[in-house]
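Have a look at the structure below before the remarks.
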Amino acid sequence: LIGQEHVVCQGDINMSGGGYGAENIPVLVTTAGKIRLVGAQVSAVVYAPVGSAEVVNVGQLYGAVGGNSVTISNSVLLYSQSLHGRTDLPGSELYPLTYTYD
């Protein structure tokens with residue numbers, strides 16, 4: 001899939017092989033189901049607030065993953081700086097975790 005559209009559904013989202021992405025990093029959201037990505041090259045925010053988000057054998061996922069439970073196995077997740085400060089994302093803005101030491 002190539003494009004700037006978001007994917008939103010009430011059920012499950014399953015993707016295997018191929019890839020999904022766009023320059024503006026789209027969002028994959030399920031309102032009641034789960035998301036499972038297997039072996040795909042992905043640039044996206046993956047969000048399953050009620051269900052699970054599973055990323056398996058994904059060469060590189062550029063974006064972010066959130067869910068009631070999250071499993072990432074044999075995959076590389078790279079937080080994209082282009083997500084910083086975006087207000088159109090689930091849960092409002094995504095900021096990377098920062099730590100300070102006194």
Side-chain angles (χ1 to χ4, degrees):
L1 301 173
I2 299 172
Q4 307 237 5
E5 295 78 15
H6 301 300
V7 174
V8 179
C9 74
Q10 293 179 335
D12 297 340
I13 297 174
N14 294 293
M15 179 185 291
S16 63
Y20 181 69
E23 190 174 313
N24 291 333
I25 303 196
V27 180
L28 298 174
V29 177
T30 177
T31 59
K34 63 183 176 182
I35 300 175
R36 188 165 197 267
L37 305 178
V38 179
Q41 189 79 6
V42 179
S43 294
V45 171
V46 178
Y47 188 54
V50 176
S52 62
E54 184 179 10
V55 179
V56 180
N57 295 328
V58 172
Q60 291 183 330
L61 187 148
Y62 297 94
V65 179
N68 188 39
S69 69
V70 174
T71 303
I72 299 174
S73 60
N74 198 29
S75 303
V76 175
L77 173 62
L78 301 168
Y79 178 81
S80 174
Q81 284 298 102
S82 65
L83 294 175
H84 187 74
R86 274 184 49 182
T87 58
D88 65 331
L89 298 174
S92 190
E93 298 179 20
L94 289 178
Y95 289 101
L97 292 173
T98 58
Y99 296 91
T100 59
Y101 299 95
D102 294 325

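For this chain, numbers begin at 1 and follow the sequence in order. Since the structure is predicted, the reported quantities are computational estimates derived from the model, not experimental observations.
Using a 4.5 Å cut-off on side-chain heavy atoms (C-beta onward), Val50 and Asn68 make no contact.
Val27 and Val8 fall within the same hydrophobic cluster, where Ile, Leu, Val, Met, Phe, Trp and Tyr residues are linked whenever their side-chain heavy atoms come under 4.5 Å apart, directly or through other members. No continuous path of hydrophobic side-chain contacts links Val76 to Val42 [ILVMFWY only; heavy atoms under 4.5 Å]. The hydrophobic cluster containing Val55 also contains Leu28, counting ILVMFWY residues as joined when their side-chain heavy atoms lie under 4.5 angstrom apart, directly or transitively. Val58 and Ile13 fall within the same hydrophobic cluster, defined by Ile, Leu, Val, Met, Phe, Trp and Tyr side-chain heavy atoms under 4.5 Å apart, directly or through other members.
Judged by distance alone, with hydrogens and angles left aside, the side-chain atoms of Asn74 form no donor-acceptor pair with the main-chain N or O of Val56 at under 3.5 Å. Of the possible polar contacts, one joining the Thr30 side chain to the Gly11 backbone as a donor-acceptor pair under 3.5 Å is found.
The nearest pair of heavy atoms linking Ala53 to Gly66 is CB-O, 3.9 Å. Contact record, Gly33 with Ala48: O-CB, 4.1 Å, taken as the closest heavy-atom pair.
Checked options Ile35, Leu37, Val7; the residue passing with Met15 is Leu37 (criterion: side-chain contact (heavy atoms from CB on, under 4.5 Å)). The side-chain contact (heavy atoms from CB on, under 4.5 Å) test with Val46 singles out one residue from Val70, Leu61, Leu77, and that residue is Leu61.
Expressed to the nearest 0.5 Å, how far CD1 of Ile25 lies from NE2 of His6 amounts to 11.0 Å. Separating the CG atom in Asn14 from the CD atom in Glu54 is a distance of 9.5 Å, to the nearest 0.5 Å. Thr31 contributes atom OG1, which lies 5.0 Å from atom CD of Gln10 (distance to the nearest 0.5 angstrom). Once rounded to the nearest 0.5 Å, the distance linking CD1 of Ile72 with CG of Asn57 reads 12.5 Å.
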